[in-house]
Undergrad: 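Have a look at this one.
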2 protein chains.
Amino acid sequence: MNSIDTRTQILDIAQDLVQRVGVNAMSYQDISEAVGIRKASIHYYFPSKDDLVAALLDRYNDYFLRLVDGIIAQPDSAEVKLRRYCSLFEATLSSGNGDKACLYGMVGAELVTLKHPLVERVTTFYRDNEARLGQILNQGRESGEFGFVGDPQAMAALIFSLLEGGFLVARAHGGATQYRAIVEQLMQLVKG
Amino acid sequence: MNSIDTRTQILDIAQDLVQRVGVNAMSYQDISEAVGIRKASIHYYFPSKDDLVAALLDRYNDYFLRLVDGIIAQPDSAEVKLRRYCSLFEATLSSGNGDKACLYGMVGAELVTLKHPLVERVTTFYRDNEARLGQILNQGRESGEFGFVGDPQAMAALIFSLLEGGFLVARAHGGATQYRAIVEQLMQLVKG
DNA sequence: GTCTATAGCGCGATAGAC
DNA sequence: GTCTATCGCGCTATAGAC
């Protein structure tokens, strides 16, 4: 099963690189040095760079949405669920050094330079996340925990944009502390 | 003054490219084709790519902050000022095709790939914008227009992250309509 | 100021030995 | 599966003619 291990190592390193420097600045050369194989060997697992990025996005999508669904399925209050959702993002920001952004946030910034099958993955990820945020907000509205004004779906879109943006801004200015302050301010607004 | 015109043309085209595809994907070749000169001639005005990007950021910083200061100086309500501030962003999103992001948002996403004198410009731009948003929010708090809970400076940081993120997300999903809906939802939250 | 020409590098990708 | 070797491209940047 050495081949599976190598494939996973490549994906892990590639994801780390994309989260730091973006898709365009990530190269087979960088990956090969970090993994300890030659860059030609990477083409054995991922013939083209688009194949690699697609695999990256699919793996992250499955991983992330499964975590989110796990949070939603728990019998917790809506506030706890929303806080946990925001923490999913923060965990990435804090892991390793503080210079990693959300994978889909980075890819979204470079969206125009991507080919079509990749673009659709990004829009789908955004839509799915907003839908799940909407579920949490609806629960909070019904239970009376959340008293924010306006449409829950509009609020879900706002929160998702806020978290993606908060990630990128925090990297330049304030770091995890600033991100946490923003989430705290958000919680106050949602409770209303 | 033909030289000044050419220099401005280069900056205009380069800015448009960075807002669409990012710093790393923007090339002297792309610029030369759009301006109608050879790429070697661009080096006459901007010896290195870092020189070009620095000039780009400085010009945009001056232009944008002057607009913001103009908005703040007017004898308008805080709500009008905040709406105008958000519209500054939206104007960029709508200009040309809908696939442009905020210049500093794009550069922020690629922050890790930038050299140091450029990084500082980005952090300064973020800080200056949050400070000005804080001014507007304070005015609204004092006049009684804004009833949001929490610290105005934390709220300013939240709004700035939201607008930068809203930009990037809207490009992938929903466009100017989605961005406008987010701003509308924000206004409701700020009024409290 | 703008041009042609070119250097030098890193990139994604492929062929073929082992 | 992993390697060496190499191709062809696009990039930033420079030298020097006009």
Side-chain angles (χ1 to χ4, degrees), chain A residues 1-57 106-107 109-119, chain B residues 1-57 106-107 109-119:
Chain A
M1 290 299 136
N2 205 322
S3 73
I4 289 181
D5 281 353
T6 303
R7 199 189 127 98
T8 304
Q9 276 185 65
I10 293 170
L11 286 172
D12 289 344
I13 296 289
Q15 180 176 327
D16 186 271
L17 281 168
V18 173
Q19 289 187 267
R20 284 185 211 282
V21 304
V23 176
N24 292 324
M26 175 267 286
S27 74
Y28 276 43
Q29 189 60 47
D30 296 335
I31 299 169
S32 80
E33 283 165 17
V35 175
I37 56 174
R38 312 300 263 171
K39 65 175 180 172
S41 307
I42 302 173
H43 286 281
Y44 170 79
Y45 297 96
F46 305 101
S48 79
K49 193 173 176 179
D50 279 353
D51 294 326
L52 171 58
V53 175
L56 222 50
L57 293 178
M106 288 299 284
V107 175
E110 301 179 288
L111 196 77
V112 185
T113 68
L114 300 176
K115 299 201 188 76
H116 264 281
L118 297 180
V119 174
Chain B
M1 292 298 133
N2 204 323
S3 75
I4 288 181
D5 280 353
T6 303
R7 200 190 126 97
T8 304
Q9 275 184 66
I10 292 171
L11 285 172
D12 290 344
I13 296 290
Q15 181 176 326
D16 186 272
L17 281 168
V18 173
Q19 290 188 265
R20 283 185 212 283
V21 304
V23 175
N24 291 325
M26 175 268 284
S27 74
Y28 276 43
Q29 188 60 47
D30 296 334
I31 299 170
S32 80
E33 283 164 17
V35 175
I37 57 174
R38 312 300 263 174
K39 63 177 177 169
S41 308
I42 301 172
H43 285 281
Y44 170 78
Y45 296 98
F46 306 99
S48 81
K49 193 173 174 179
D50 280 353
D51 294 326
L52 171 59
V53 175
L56 222 49
L57 293 179
M106 289 298 284
V107 176
E110 300 179 289
L111 195 76
V112 185
T113 69
L114 268 42
K115 299 200 188 80
H116 264 279
L118 297 179
V119 174

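Note that the coordinates shown come from a computational prediction; the quantities given were computed from them, not determined experimentally. In what follows, every chain begins at residue 1, and chains take the letters A, B, ... in the order their sequences are listed. Side chains included, hydrogens not; waters and symmetry mates left out as well; all remaining heavy atoms used.
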Undergrad: Phosphate oxygens OP1/OP2 of D:dC11: is one of them under 4.0 Å from a side-chain N or O of B:S27?
TA: yes

Undergrad: Could you write nucleotides 13-18 of chain C as a row of B, S and -, 5' to 3', where a protein heavy atom under 4.0 Å of any base atom gives B, of only sugar-phosphate atoms gives S, and otherwise -?
TA: BB----

Undergrad: Side chains of A:T8 and A:D5: do they bring a donor and an acceptor to under 3.5 Å?
TA: no

Undergrad: Atom CG of B:L52 and atom C1' of D:dC11: how far apart are they, to the nearest Å?
TA: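 The answer, rounded to whole Å, is 14 Å.
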
Undergrad: Which pairs, with at least one residue in residues 24-43 of chain A and sequence neighbours excluded, count as a salt bridge (charged side-chain N to carboxylate O under 4.0 Å, His left out)?
TA: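 Every candidate salt bridge (charged side-chain N to carboxylate O under 4.0 Å, His left out) pair involving residues 24-43 of chain A fails, so no pair, neighbours aside, qualifies.
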
Undergrad: Under 3.5 Å, is there a donor-acceptor pair between the side chain of B:E110 and the main chain of B:N24?
TA: yes

Undergrad: B:N24 CG to C:dG10 C1': how many Å, rounded?
TA: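 So the CG-C1' distance, B:N24 to C:dG10, works out to 13 Å.
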
Undergrad: Passes side-chain contact (heavy atoms from CB on, under 4.5 Å), B:T113 versus A:R20? Steps please.
TA: CA-CA 8 Å; B:T113 69; A:R20 284 185 211 282; over 6 Å; no

Undergrad: Donor-acceptor pair, B:K49 side chain versus B:S27 backbone, under 3.5 Å?
TA: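 No: the side chain of B:K49 does not pair with the backbone of B:S27.
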
Undergrad: If only side-chain N and O atoms of B:Y44 are considered, is one of them under 4.0 Å from the OP1 or OP2 phosphate oxygen of C:dC3?
TA: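 Looking at the OP1 and OP2 atoms of C:dC3, neither is under 4.0 Å from any side-chain N or O of B:Y44.
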
Undergrad: Roughly how many Å is it from CG in B:D5 to C1' in C:dG1, rounded to a whole number?
TA: 13 Å

Undergrad: Considering just the side-chain nitrogens and oxygens of B:T6, establish if one lies under 4.0 Å of OP1 or OP2 belonging to C:dT2.
TA: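 True: B:T6 side-chain N/O within range (under 4.0 Å) of C:dT2 OP1/OP2.
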
Undergrad: Would you mind reading off the distance between B:R38 atom CZ and D:dT12 atom P, rounded to a whole angstrom?
TA: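 My rounded result for the distance is 15 Å.
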
Undergrad: For residues 15-41 of chain B, which residue pairs pass the ring-ring contact (aromatic ring centres under 6.0 Å, His included) check, not counting sequence neighbours?
TA: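 Pairs touching residues 15-41 of chain B that pass the test: B:Y28-B:H43.
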
Undergrad: What does A:S41 touch in the nucleic acid at a heavy-atom separation under 4.0 angstrom: a base, only the sugar-phosphate, or nothing?
TA: base

Undergrad: Grab the CD1-P distance between A:I10 and D:dG1 for me, whole Å please.
TA: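 Checked: the CD1 to P distance equals 12 Å.
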
